[in-house]
Amino acid sequence: EELLRDDNNRVRANAAKLMYDIDVNLSIKVLKEMLENPSKRMRASAVWALGEISSEEALDLILTIKDEDDEIVRYNIINALGKVKSLQKFPISKIQLNQINDILKLSHI
């Protein structure tokens, strides 16, 4: 749990990813805080971890920042959404699938 507060974005994201299997709520809380961080690296690492988790909660969080301006974070959003879509660990609603597809289509422009 100490690593969930680490100043290094990669350490914190990996800790949150691993914590997901132990305490979903804590993991999601940490990743949500990372998404709200002013550091683009912190946000990018959070999105990466959410893509690795590929759960319904992870998808919901990714979609909350779909309009991110930073290109590194956007790159990770696109990769994470592609992973969530391809792994299909849970039933994705038609609305969510349309949102994912819209974002992925825009990434090819």
Side-chain angles (χ1 to χ4, degrees):
E1 287 186 31
E2 180 181 321
L3 297 175
L4 295 171
R5 294 180 299 279
D6 199 280
D7 290 335
N8 184 298
N9 56 297
R10 290 180 179 188
V11 170
R12 193 181 301 183
N14 275 295
K17 176 186 155 218
L18 293 172
M19 181 58 72
Y20 188 83
D21 291 331
I22 300 165
D23 187 339
V24 171
N25 292 329
L26 179 57
S27 173
I28 294 297
K29 177 182 178 255
V30 169
L31 292 168
K32 184 176 182 200
E33 289 168 359
M34 289 177 70
L35 290 176
E36 295 167 352
N37 193 293
S39 165
K40 65 183 175 186
R41 288 189 172 117
M42 198 63 77
R43 295 192 312 275
S45 292
V47 174
W48 169 83
L50 291 166
E52 293 296 306
I53 292 169
S54 290
S55 68
E56 191 165 5
E57 299 93 349
L59 175 59
D60 290 342
L61 279 179
I62 296 167
L63 291 175
T64 66
I65 63 158
K66 66 183 182 344
D67 297 323
E68 168 72 42
D69 290 331
D70 182 80
E71 72 179 70
I72 294 168
V73 180
R74 288 221 27 98
Y75 177 83
N76 282 4
I77 289 170
I78 291 161
N79 286 332
L81 289 175
K83 188 168 230 175
V84 169
K85 183 180 175 185
S86 68
L87 291 177
Q88 293 189 13
K89 290 183 175 181
F90 63 94
I92 300 173
S93 75
K94 187 169 179 82
I95 292 170
Q96 290 171 320
L97 189 57
N98 287 338
Q99 287 179 307
I100 292 169
N101 288 335
D102 288 345
I103 293 166
L104 294 178
K105 281 179 198 171
L106 289 175
S107 71
H108 297 296
I109 293 175

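Remember, it's a predicted structure, so these values are computed and weren't measured experimentally.
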Practice problem: Take Met19 and Val30 through the side-chain contact (heavy atoms from CB on, under 4.5 Å) test and state the conclusion after the steps. | Solution: CA-CA 10 Å; Met19 181 58 72; Val30 169; over 6 Å; no
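- Side-chain contact, Glu68 with Asn76: no donor N or O sits under 3.5 Å from an acceptor N or O.
- The shortest distance between side-chain heavy atoms of Val47 and Leu61 does not fall below 4.5 Å.
- Nearest heavy-atom pair, Ile53 versus Ala16, reported as atom, atom and distance to 0.1 Å: CD1-O, 4.5 Å.
- Side chain of Arg74 to backbone of Asp69: no donor-acceptor contact under 3.5 angstrom is found.
- The two residues Gln96 and Ile92 have their closest heavy-atom pair at CB-CG2, 3.7 Å.
- In this structure, CZ in Arg12 is found 6.5 Å from CG in Asp7, a value given to the nearest 0.5 Å.
- Leu26 is listed as a side-chain neighbour of Glu1, based on a closest heavy-atom distance under 4.5 Å.
- Counting heavy atoms from C-beta on, the side chains of Lys66 and Asp102 never come closer than 4.5 Å.
- For the pair Ile65 and Ile77, the tightest heavy-atom approach, listed with the atom from each and the gap, is O-CD1, 3.3 Å.
- Using a 4.5 Å heavy-atom cutoff, the side chains of Ile103 and Leu63 are in contact.
- No side-chain heavy atom of Trp48 sits less than 4.5 Å from a side-chain heavy atom of Asn9.
- Through chains of ILVMFWY side-chain contacts below 4.5 Å, Leu3 is grouped with Val11.
- The neighbour count for Lys29 NZ, taken as heavy atoms of other residues, nucleotides or ligands under 6.0 Å away, does not exceed 12.
- Remark: the backbone N or O of Val73 is not paired with any side-chain donor or acceptor of Arg43 at under 3.5 angstrom.
- Glu33 contributes atom CD, which lies 10.5 Å from atom CZ of Arg5 (distance to the nearest 0.5 angstrom).
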Quiz item: Would Leu50 and Leu35 count as a side-chain contact (heavy atoms from CB on, under 4.5 Å) if you check the C-alpha gap in whole Å, the side-chain angles of each, and the deciding distance to 0.1 Å?
Solution: CA-CA 10 Å; Leu50 291 166; Leu35 290 176; 3.8 Å; yes
Exercise. Given side-chain contact (heavy atoms from CB on, under 4.5 Å), test Ser45 with Met34 step by step and report yes or no.
Key: CA-CA 8 Å; Ser45 292; Met34 289 177 70; 4.1 Å; yes
Self-check item: Candidate pair Asn101 and Lys85, rule side-chain contact (heavy atoms from CB on, under 4.5 Å), full reasoning
Solution: CA-CA 9 Å; Asn101 288 335; Lys85 183 180 175 185; 2.5 Å; yes
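- Nearest approach of Ser54 to Lys83, heavy atoms of both residues: OG-CG, 3.8 Å.
- Rounding to the nearest 0.5 Å places CG of Leu59 at 4.5 Å from CZ of Phe90.
- Closest non-hydrogen pair, Ala80 versus Gly51, comes out as CB-CA, 3.6 Å.
- The nearest pair of heavy atoms linking Ser55 to Glu57 is OG-OE1, 3.0 Å.
- Note that OG1 of Thr64 is 8.0 Å distant from NZ of Lys32, once rounded to the nearest 0.5 Å.
- Contact of the Asp23 side chain with the Asn25 side chain is registered, since non-hydrogen atoms from C-beta on lie closer than 4.5 Å.
- Within a 6.0 Å radius of CD1 in Ile95, no more than 12 heavy atoms belonging to other residues, nucleotides or ligands are found.
- If you check the side chains of Tyr20 and Glu52, you find no donor sitting under 3.5 Å from an acceptor.
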